[in-house]
Amino acid sequence: MDTPEPLTPTTIQTAHLTSAQELRYPPMRPAEIPPGVQAVILPGGTRVLGYAEPTASPAPAAPASQPIPAWAKTTALLAPTVGGGIALAAVGLSYAAPGLIAMTDALWAAVALIAAGGGAALALLKRCRRPVPAPAPITQNITATGLFGRASGTINHH
């Protein structure tokens, strides 16, 4: 068998038509061929245009897995860590609460002791202090004559 010529819409339509048929059915241009029409080889070896069963399209490829962003990994790791830290802090405070209450009571007692001791020390100092005599009055008289005159003065102790 010789090699068949390449198929084009024009050669397919005119392959087995007589000249009378060619006149009745002029060849179609490729733009005129409706969608779904293909060149089909019949069991007798004749090539014609015809509708063919559509071939099964391949299954869509599975989408490629995307890498997990760094911020999502960080957030996923931090969430249980922060939650666990808060839970442990709450447990620690519940155990420490009686001691903290006792410590605040002790601090208030210390503040009261300091305040009372300071007040007592002030009262004691006030009572033990002897009276200070008033300073002796001093009178000073200064006189000068003229703008550039010599000044003279007297000091009187009373």
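Keep in mind that the numbers below use all heavy atoms, side chains included, and drop hydrogens, waters and symmetry copies.
- Scanning both residues, Leu77 and Thr81, for their nearest heavy atoms gives O-OG1, 2.8 Å.
- The two residues Gly149 and Ala144 have their closest heavy-atom pair at O-CB, 4.5 Å.
- Considering only residues two or more places apart in sequence or on other chains, Ala110 meets the side chain to side chain contact (heavy atoms under 4.5 Å, CB included) condition with none of them.
- Rounding to the nearest 0.5 Å gives a distance of 7.0 Å between OG1 of Thr139 and CG of Asn141.
- Heavy atoms from other residues, nucleotides or ligands lying under 6.0 Å from CD1 of Ile68 number 12 at most.
- To the nearest 0.5 angstrom, Thr154 atom OG1 is 8.0 Å from Gln140 atom CD.
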